[in-house]
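Whatever order the structure lists them in is the order used to number ligands and atoms, beginning at 1.
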Amino acid sequence: MRLHPRTRVARESIFPKMSQLAARLQAVNLGQGFPSNPPPAFLLEAVRKALGRYDQYAPPAGLPLLREALAEEFGVEPENVVVTSGATEAIHVLLQSLVGPGDEVVVLEPFFDVYLPDAFLAGAEARLVRLELGEKGFRLDLFALEKAITPRTRLLLVNAPMNPTGLVFREEELRALATLAQRYDLFLVSDEVYDELYFGQRPRRLREFAPERTFTVGSAGKRLEATGYRVGWIVGPKEFMPVLAGMRQWTSFSAPSPLQAGVAEALRMARKEGFYEALREGYRRRRDLLLSGLRSMGLKAYEPEGTYFLMAELPGWDAFGLVEAARVALIPASAFYREDPPPYLFRFAFCKSEEELSLALERLARVVNSPA
Ligand SMILES: *Cc1c(COP(=O)(O)O)cnc(C)c1O
């Protein structure tokens, strides 16, 4: 008896592996991107209130309460919104719905790890466009992107603020992406799970430039520091949304009802209480702490414009040697590249306490100039 070959995507990912190793070695875990902070009290309270009131199936498109809260935020109608079990399911359902065998999906590299298995499971081929890495950091070459488009391309999948690079697209870049999609008649999927986590001006959304073809993906887990709640969403053109809701009947059917209700209320509270401003302020402090600490060791660290990740180089080290020697867990760039990752490049997650970040810096300083 043999499982189907498509299960090759089930290979263990480095993220949980690094977390287990970190726990065993009592390492500071700057690998997997889950916050050390507890979620805001207003979210916990809203979820508690929902238990006992929202205990049965929600409609596959989502609880009306949550679709309305999201519609209000995005300036659309509830019919433009479908709720999912985290952004992970949103991306899965979108790829199943938009592409199939013979189609190509253009993906920027480095990429978030779910995109390639999801494209593969849909039977489509991922065409990678690698960001340029220069002295100032990562940059999208729009000319290279256009060259990657073929007659078989159906979808352009982007992510900003971008995991793992922290890149945010400027308005001209968003406009150019929309123009390309219109010229070649492509769908756009814009993974914006870090939409509230930026350090400069509030970024515009890709959908503003091509609302007729853009699906925006979001996550309550990332916004509200509760990655275990598994509530995400898709905002897109009304005509396609009933089909997306229909497709997700066959994955998880609906996201957990009490968590949807809790998130609906918490999204409103977050705006009212200035939660996102405080969140950004806290992350800006931690980003600066990590960035200046790494740079003061003479390391090359690239400043992120958003997300709670940054990329930096540790010449001579690999992730497994480093976690043993320094007791600091990081994710190697190879997790975000299909092949030939830039050497000695690592992703640091700074959604951790300032104590953890300081301890990690101290430990790194001890080993950094004496490679294993
Ligand atoms: C975390 C993450 C996701 C998945 O979000 P969930 O809501 O936890 O499923 C999707 N895209 C990116 C870029 C992420 O970092």
Side-chain angles (χ1 to χ4, degrees), residues 13-16 18-19 29-37 39 43 62 66 70 81-96 105 107-119 121 126 128 131 138 140 155-169 188-198 203 205-206 215-235 248 251-252 254-256 259-260 262-264 266-267 279 283 304-311 331 333 335-337 347-352:
S13 113
I14 188 148
F15 295 83
M18 262 299 154
S19 287
N29 189 0
L30 306 189
Q32 213 171 11
F34 58 86
S36 316
N37 287 342
L43 174 63
L66 179 53
L70 286 163
V81 180
V82 165
V83 177
T84 55
S85 291
T88 303
E89 189 191 35
I91 295 162
H92 182 80
V93 164
L94 281 166
L95 281 155
Q96 289 290 325
V105 182
V107 176
L108 305 184
E109 188 182 48
F111 45 76
F112 180 62
D113 62 343
V114 309
Y115 304 155
L116 267 44
D118 272 339
L121 290 175
L128 302 181
L131 297 185
F138 294 87
L140 171 61
L155 165 64
L156 182 52
L157 200 175
V158 297
N159 165 220
M162 187 182 190
N163 176 5
T165 63
L167 193 73
V168 169
F169 295 124
L188 292 166
V189 168
S190 185
D191 180 345
E192 299 178 18
V193 299
Y194 299 103
D195 55 0
E196 290 295 344
L197 262 181
Y198 53 85
R205 292 190 190 276
L206 183 54
F215 297 93
T216 306
V217 172
S219 167
K222 300 293 162 73
R223 282 199 187 183
L224 299 171
E225 309 250 80
T227 57
Y229 284 18
R230 317 306 306 137
V231 175
W233 52 81
I234 305 169
V235 178
R248 70 176 304 277
T251 50
S252 68
S254 62
L259 291 159
Q260 289 193 52
V263 163
L267 289 176
L279 189 72
Y283 279 125
E305 303 165 297
T307 75
Y308 41 54
F309 303 111
L310 67 80
M311 302 285 268
I331 304 294
F336 311 101
Y337 286 84
R347 189 192 76 174
F348 292 66
F350 53 90
C351 45
K352 311 292 169 176

Name the closest protein heavy atom to [atom], giving the residue it belongs to and the distance to 0.1 Å.
{"atom": "atom 5 (O) of ligand 1", "answer": "Ala87 CB, 3.4 Å"}
{"atom": "atom 15 (O) of ligand 1", "answer": "Tyr194 OH, 2.7 Å"}
{"atom": "atom 13 (C) of ligand 1", "answer": "Asp191 OD2, 3.3 Å"}
{"atom": "atom 2 (C) of ligand 1", "answer": "Lys222 NZ, 2.4 Å"}

Task: Any Arg230 heavy atom less than 4.0 Å to ligand 1 - done: yes
TODO: Flag this pair as yes if the NZ/CZ of Lys222 is under 6.0 angstrom from the six-membered ring centre of Phe34 and inside a 45 degree cone about the axis; otherwise no.
DONE: no
Task: Minimum non-hydrogen distance to atom 7 (O) of ligand 1, winning option of Ser219, Gly228, Ala90 - done: Ser219
- [ ] Give the numbers and elements of all ligand 1 atoms closer than 4.0 Å to a heavy atom of Asn159.
- [x] 13 (C)
TODO: Heavy-atom contacts with Gly86 under 4.0 Å: which atoms of ligand 1 show up? List them by number with element.
DONE: 7 (O), 9 (O)
Does some side-chain heavy atom of [Y] sit less than 4.5 Å from a side-chain heavy atom of [X]?
{"X": "His92", "Y": "Thr84", "value": "no"}
{"X": "Asp118", "Y": "Leu94", "value": "no"}
{"X": "Arg248", "Y": "Val83", "value": "no"}
{"X": "Leu197", "Y": "Thr307", "value": "no"}

- [ ] Would you mind telling me if ligand 1 is within reach of the side chain of Thr88, the backbone, both or neither, using heavy atoms under 4.0 Å?
- [x] both
Task: CG on Leu224 to OH on Tyr229, rounded to 0.5 Å - done: 9.5 Å
Open item on the list: Test of understanding: with ring-ring contact (aromatic ring centres under 6.0 Å, His included), list the residues that count as partners of Tyr283, not counting sequence neighbours.
Closed with: Tyr308
